[in-house]
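Note: hydrogens, waters and symmetry copies are ignored here, and every other heavy atom, side chains too, is used. To find a chain, count down the sequence lines: A is the first, B the second, and so on, and within it residues start at 1.
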There are 2 protein chains.
Amino acid sequence: MTTIADATEEELDAVLAAARSAAGPFAAERPAVRAGRLRSVADALDAAADVLVPLAEDESHLPEVRLRGELARTTFQIRFLADVLEDGSYLEAIIDTADPDAQPTPRPEVRRQLHPLGPVLVFAASNFPFAFSVAGGDTASALAAGCPVVLKAHPGHPELSRRTGDIVSGALREAGAPEGSFQVVFGLDAGRQALLDPRVRAGAFTGSVGVGRALFDLAASRAEPIPFYGELGSLNPVFVTPSAVEARGAEIVRGYVASFTMGVGQFCTKPGLLFLPRGHGLVDELAEQVRQVPAAPMLNDRIRSGYQSGLESAAGVGGVRVVVGGEPTGDLMAPTLVTVSVPDLLAAGDSLLTECFGPMSIVVEYDGDEQALAAAEAFEGNLTATLHTEDGDPVASPLLERLRERAGRLICNGWPTGVSVTWGMHHGGPYPATTAPLHTSVGGTAIGRFLRPVCYQNVPQALLPEALRDANQLGIPRRVNGTMTSADVAGT
Amino acid sequence: MTTIADATEEELDAVLAAARSAAGPFAAERPAVRAGRLRSVADALDAAADVLVPLAEDESHLPEVRLRGELARTTFQIRFLADVLEDGSYLEAIIDTADPDAQPTPRPEVRRQLHPLGPVLVFAASNFPFAFSVAGGDTASALAAGCPVVLKAHPGHPELSRRTGDIVSGALREAGAPEGSFQVVFGLDAGRQALLDPRVRAGAFTGSVGVGRALFDLAASRAEPIPFYGELGSLNPVFVTPSAVEARGAEIVRGYVASFTMGVGQFCTKPGLLFLPRGHGLVDELAEQVRQVPAAPMLNDRIRSGYQSGLESAAGVGGVRVVVGGEPTGDLMAPTLVTVSVPDLLAAGDSLLTECFGPMSIVVEYDGDEQALAAAEAFEGNLTATLHTEDGDPVASPLLERLRERAGRLICNGWPTGVSVTWGMHHGGPYPATTAPLHTSVGGTAIGRFLRPVCYQNVPQALLPEALRDANQLGIPRRVNGTMTSADVAGT
């Protein structure tokens, strides 16, 4: 594999200086102009698919069809955020006109909108070399917000990172964006240094709990702490009620096995536990389905050895029974399925309720609704929680309520893998799913992580930003004296 | 002064258990029901004005007229947040219908809204015994969001805190809110313990940089870190251009002196520095105005001694000249005004660029636009920054741009003290103004601090929360397939 030298202190300083210089001009561009820049980036990436996908195959060991799909999702996401910019409601523009007769005190004119935070440091992930890496969701939403991005490349796919970075920065340059709007650096130390630098105004990360928490702690330790959006670990429990087992047990088995083995189990939304009612009678079918999944290479040696030690530790927990023990064959890894009861799961605690990143999942047998509800309360924060049930099942509502307290996305009669990029998608959740439960890294609201409100009191029209002037020059929706107005309403 | 015993470990545990138990039922109430509860609280507080105001006078040494005004502002704010609940857009409801033909992949149905975080711990401030204390903005917005509140009382006004707490919890109880929706605890250790307790899901604080940072660090140190909304310190610089001096120098002097001495300088928005162009000729008028301000008692001995040592340290900085040295007379404190040049200010750095809480302000003379712009770049985060200028002054725009990077609210030709409660008000800013620059403690969006998104994928109508069902039972605005729909639009 290519080795790319870590950024030296001097190189990092130059990168951060360039990002700082770009921040003002980049923030000052109209949203529609920035939308155009984003579309140029998406076009350039699509045009380079035949270069990028083979590089990604080589460095990530993921299959071509998956990588082509992931690149298409990545550029779709960039274009979608361009649409969000043009919609304009992301600016959350509010105008309250002056009211000298207001009670209890006269009211001055107040206008508010969101502004970019400044340079954002993004730590790329290994498991989605396109969608959560150099040109992934964090980069796309920070650029959309108007923040220059310094991208810390993941060492798992260095050459792909360099090439993708060149394409993104080249497309931005050609489209006229300020120099320094997007830059790639290599090296974990450089990343740590950058996170502590006053010129960096926010951080974003996708990866393990260990590394993510260390970076969160660094960001919080600064003289001037900054927002740090870390996506760390998630178990993504799935509960199946007896009515669902009865109605479509075999279908659930197939969907589950496909979901937890997808991408060799290296998805942050992998269903890590499947809760089935005692007496479900699906063990043979589960074993059969798991054995049919072909062995495949994992992303890299570090992830593979982490997976193997997680697997060994889980298999050693009291009450855990290995149904299918996926053996490695050379570089290839076959999936593993184990079972345990709810009492043994609760007794094991963290030994089983910790993410095991790779193609392993746990079938948990519960004995009655009370056990299912107790198990649901044992979870910390998750990106997702899933419920398979039929209409009218009385446990569905209390179960969903408990899962809602602990997850960012609730899925019924489906699977958590595959995160759709839409206005309402939420890819986040309470810790350790993320370090910032109010925010999402996917969807129409992901851009909000990199914006902060500023309010303008009694500021003359000529000194107001365009979004807040009476004439509504940007044609955006605004709340005026408490009432939402549509994009074409001018004046106050 | 009354002494109220600190909460014991057992008492605190019972309080947190009650808050935890209240969280589910309180969150499940319809927004309109919670709006009614809030209005009951406001009514009960207004009805108790003749009991509360004298208590506040006694414990805070603030004058009756100010305290009656502050109580009116406090109950106005509670009622305003009830209006925000009824408007319903605070839920940020989004519905994306399924699209099996979507590119690059079929799209499942996705619905999203915000849900309450759970119990919130609020640390009351001393300087606004109503508006930023027991029933202040943090409490009101957490309750509005549907989060039970545990209020850590400020020791500066214990009896007022106890009485206000009884009125709030009594009104909530009488209106039918779950027991444990609002509780008051005393004691800094109890506050610290509560902040580390897993049952507490967010913290809010208004006070000094020292205490606020220590609490922020505690919140970040938890096994499961939680959002911590601290409002710490702010200098609130005011820049006056030559054109403004010429047009209305005397008026600016009067406004400035009134603003920095208001509430004996004990406002988080006190203008701490006034930048005037060299040769402004206003020193005599400034001195005259400051001397006319009557001495008045400060909030308490701790604040007074902190103020006096801050004053001594500022007066000892090289280049600082004392124009009016306000002497203490018994319990009363008269205001102090000092001057310094921009080069001396920049050389002094933190010695002068640190909040001095009390009736002191610094007039800074700048020599030309470049010095004004350089001075504007020397600030860390602020709640506010103010510009006095006349139309067409070329320095106004670059100056405002620099101030915008460093402040949450920009004011033109006015004064930062007095924070209007409106939809668009932003009372926040980059650190150290706050620990969470994306959020505000005042205004229509303050409620957002205590809500997190949850998305529902393919969840049957019967299991969806009311806000997201096709029928739009709550009658709220929602974004449906990317388009905003108004409150009365049902269906998808």
Quick check for you: among [options], which has the greatest number of heavy-atom pairs under 4.5 Å with chain A?
options: His439(B), Arg449(B), Arg73(B), Glu405(B); result: Glu405(B)
options: Ala28(B), Ala223(B), Ala23(B), Pro108(B); result: Ala223(B)
options: Pro225(B), Pro437(B), Ala72(B); result: Pro225(B)

First locate atom [atom1] of [X], then atom [atom2] of [Y], and finally report the distance between them rounded to the nearest 0.5 Å.
X: Leu399(A); Y: Leu463(B); atom1: CG; atom2: CG; value: 10.0 Å
X: Ser420(A); Y: Gln457(B); atom1: OG; atom2: CD; value: 7.0 Å
X: His426(B); Y: Arg452(A); atom1: NE2; atom2: CZ; value: 6.5 Å
X: Arg404(B); Y: Cys455(A); atom1: CZ; atom2: SG; value: 13.5 Å
X: Leu117(B); Y: Leu438(A); atom1: CG; atom2: CG; value: 5.5 Å
X: Tyr431(B); Y: Glu224(A); atom1: OH; atom2: CD; value: 8.5 Å

Only pairs of heavy atoms separated by less than 4.5 Å count here; which of [options] has the most with chain B?
options: Leu387(A), Thr445(A), Thr389(A), Asp83(A); result: Thr445(A)
options: Ile411(A), Ile94(A), Asp96(A); result: Asp96(A)
options: Thr105(A), Asn413(A), Asp87(A); result: Asp87(A)
options: Pro106(A), Pro430(A), Pro116(A), Pro477(A); result: Pro430(A)
options: Gly482(A), Ser397(A), Pro460(A); result: Gly482(A)
options: Met484(A), Glu380(A), Gln103(A); result: Gln103(A)

Heavy-atom distances under 4.5 Å only: say whether [X] touches chain A with side chain, backbone, both or neither.
X: Arg79(B); result: neither
X: Ala407(B); result: backbone
X: His115(B); result: side chain
X: Leu114(B); result: neither
X: Val110(B); result: side chain
X: Asn458(B); result: both
X: Ala220(B); result: both
X: Ala102(B); result: neither
X: Leu400(B); result: side chain
X: Ser221(B); result: backbone
X: Asp217(B); result: side chain
X: Pro453(B); result: both

So for [X], is it side chain, backbone, both, or neither that comes closer than 4.5 Å to the heavy atoms of chain B?
X: Ala462(A); value: neither
X: Tyr456(A); value: both
X: Arg222(A); value: backbone
X: Pro432(A); value: neither

**Prompt:** Side chains of Thr422(B) and Arg112(A): is there a donor and an acceptor less than 3.5 Å apart?
**Reply:**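 No pair is found: no donor N or O on one side chain lies under 3.5 Å from an acceptor on the other.
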
**Request:** Using atom types as modelled and distance alone, determine if a side-chain donor or acceptor of Arg107(B) lies under 3.5 Å from a backbone N or O of Val421(A).
**Result:**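 Pair absent, no side-chain N/O of Arg107(B) close to backbone of Val421(A).
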
